[in-house]
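Being a predicted model, the structure only gives us computed values, none of them experimental. Counting starts at 1 for both ligands and their atoms, following the listed order.
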Amino acid sequence: MRERLEALRDEALAKVAVAKDVKALQDVRVAYLGKKGPITEVLRGMGKLSAEERPVIGQMANDVRDAIKVQVELKEKELEAAAIEKQLANESIDVTLPGRPVQGGSTHPLTQVVEEVEEAFLGLGFSVAEGPEVEVDYYNFEALNLPKDHPARDMQDSFYFTEELLLRTHTSPVQARTMELHKGKGPVKVICPGKVFRRDDDDATHSHQFMQIEGLFVDENVRMSDLKGVLEQFAKSFFGEDRQIRLRPSFFPFTEPSVEVDVSCGMCGGKGCRVCKQSGWIEVLGAGMVHPRVLEMSGFDSTKYSGFAFGMGVERLAMLKYDIDDIRHFYTNDIRFLAQFKRV
Ligand code: DAH
């Protein structure tokens, strides 16, 4: 019995020593220490031993079992450590590899143009005002001298939510809102950039959503020559020092007199070319002297105060400045288009 136990121990320890992985080790453990293993069998047969032999063999069988157990555990730890080592070696990170570049975005060209225009007018003493895109009929039309059923409302096909609520068709309502806030006291000197909406079919020069920048200056003794001076300054700072402007008579319900403002063509210097359709001039904005009725409706005494206003399309400015041939480029957001406007 003693020899058998010793032989079992040596055999088991030899197998533990050569076990290549955790699975092989488990097999050895089950084979020698399991319920059906030889050591359990020895312990079961103890009943047949003499009273003197029983404790001696029992003790020995327990020692053999413990010895195998301890070696199995040691070997298990060893194998686990080796497995981790191997995994670490396989997964090692090469910290010297160059990183993947992150694609940076750019400021949208329309935002850039708005900022440039703001810059130009801030330098002339204007501040920036804003108004809501969902507007009430009163500010979008009524307060601008466009009563209900006025034929000029047809010029601006609108998106209505209800009879009184619509997406603003221009930034002019911010004029009325700003004047109201000043409670009849000048000066009011603001530009108002923002999105506007019209029921147009989209094509190369029309978009149902676009941007405008409104300008308004109300004070005592504001004259048409002030309007001309301010716009000339703006044209030169936005398009270039060599540019000139000219005013042509026009009509807007909220201004009297009203003008259309042209800038001399930058492509041909005013000689006439494809871009200006041989005229030497390019139309850029609408403007005029604020209609006395508009001043009165927003709380200003039109015998004391006068003012000028203007409105321009941001996409149009951007298209002229950067020679862009289709307004839809601004809204389809092709990265190849946008990336050309990266500021450095
Ligand atoms: N609101 C006009 C439009 O959308 C543009 C405009 C013209 C604004 C003349 C003005 C102005 O303030 O004086 O067509």
> Under a 4.0 Å N-O cut-off, is there an ion pair linking Glu283 with Arg316?
Replying inline: no
>> So if I count the atoms of ligand 1 from 1 in the order they appear, which ones are less than 4.0 Å from some heavy atom of Thr255?
In response: 13 (O)
> What class does the angle between the rings of His108 and Phe330 fall in, given that below 30° is parallel, 30 to 60° is tilted and above 60° is perpendicular?
Replying inline: tilted
> Should Gln175 be listed as contacting ligand 1, given a heavy-atom distance under 4.0 Å as the test?
Replying inline: yes
> Just going by heavy-atom distances, which of Gly313, Ser250, Gly286 is nearest to atom 9 (C) of ligand 1?
Replying inline: Gly286
> For ligand 1, which atoms have a heavy atom of Gly288 less than 4.0 angstrom away?
Replying inline: 13 (O)
> After noting the C-alpha distance and the side-chain angles of Asp326 and His329, does the key distance pass the side chain to side chain donor-acceptor pair (under 3.5 Å) rule?
Replying inline: CA-CA 6 Å; Asp326 195 316; His329 284 311; 5.4 Å; no
> How does Phe254 reach ligand 1, by side chain, by backbone, by both or by neither, if only non-hydrogen atoms under 4.0 Å count?
Replying inline: side chain
> In a check of side-chain hydrogen bond (donor to acceptor under 3.5 Å, both in side chains) between Thr171 and each of Lys195, Glu214, Glu135, which one passes?
Replying inline: Glu214
>> Can you classify the ring geometry of Phe300 versus Tyr305 as parallel (below 30°), tilted (30 to 60°) or perpendicular (above 60°)?
In response: perpendicular
>> Is the ring pair His208/Phe159 parallel, tilted or perpendicular, if the boundaries are 30 and 60 degrees?
In response: perpendicular
>> Within the 4.0 Å heavy-atom shell around Gln212, which atoms of ligand 1 are there?
In response: 3 (C), 4 (O)
> Just heavy atoms, cut-off under 4.0 Å: does Ser172 contact ligand 1 by side chain, backbone, both, or neither?
Replying inline: side chain
> Against heavy atoms of Ala309, which atoms of ligand 1 measure under 4.0 Å?
Replying inline: 12 (O), 13 (O)
>> Under a 4.0 angstrom heavy-atom cut-off, which atoms of ligand 1 come close to Ala287?
In response: 9 (C), 11 (C), 13 (O)
> Evaluating non-hydrogen atoms only, which member of His170, Met312, Arg198 is closest to atom 14 (O) of ligand 1?
Replying inline: Arg198
> Do Phe239 and Leu317 come within less than 4.5 Å of each other through their side chains, counting heavy atoms only?
Replying inline: yes
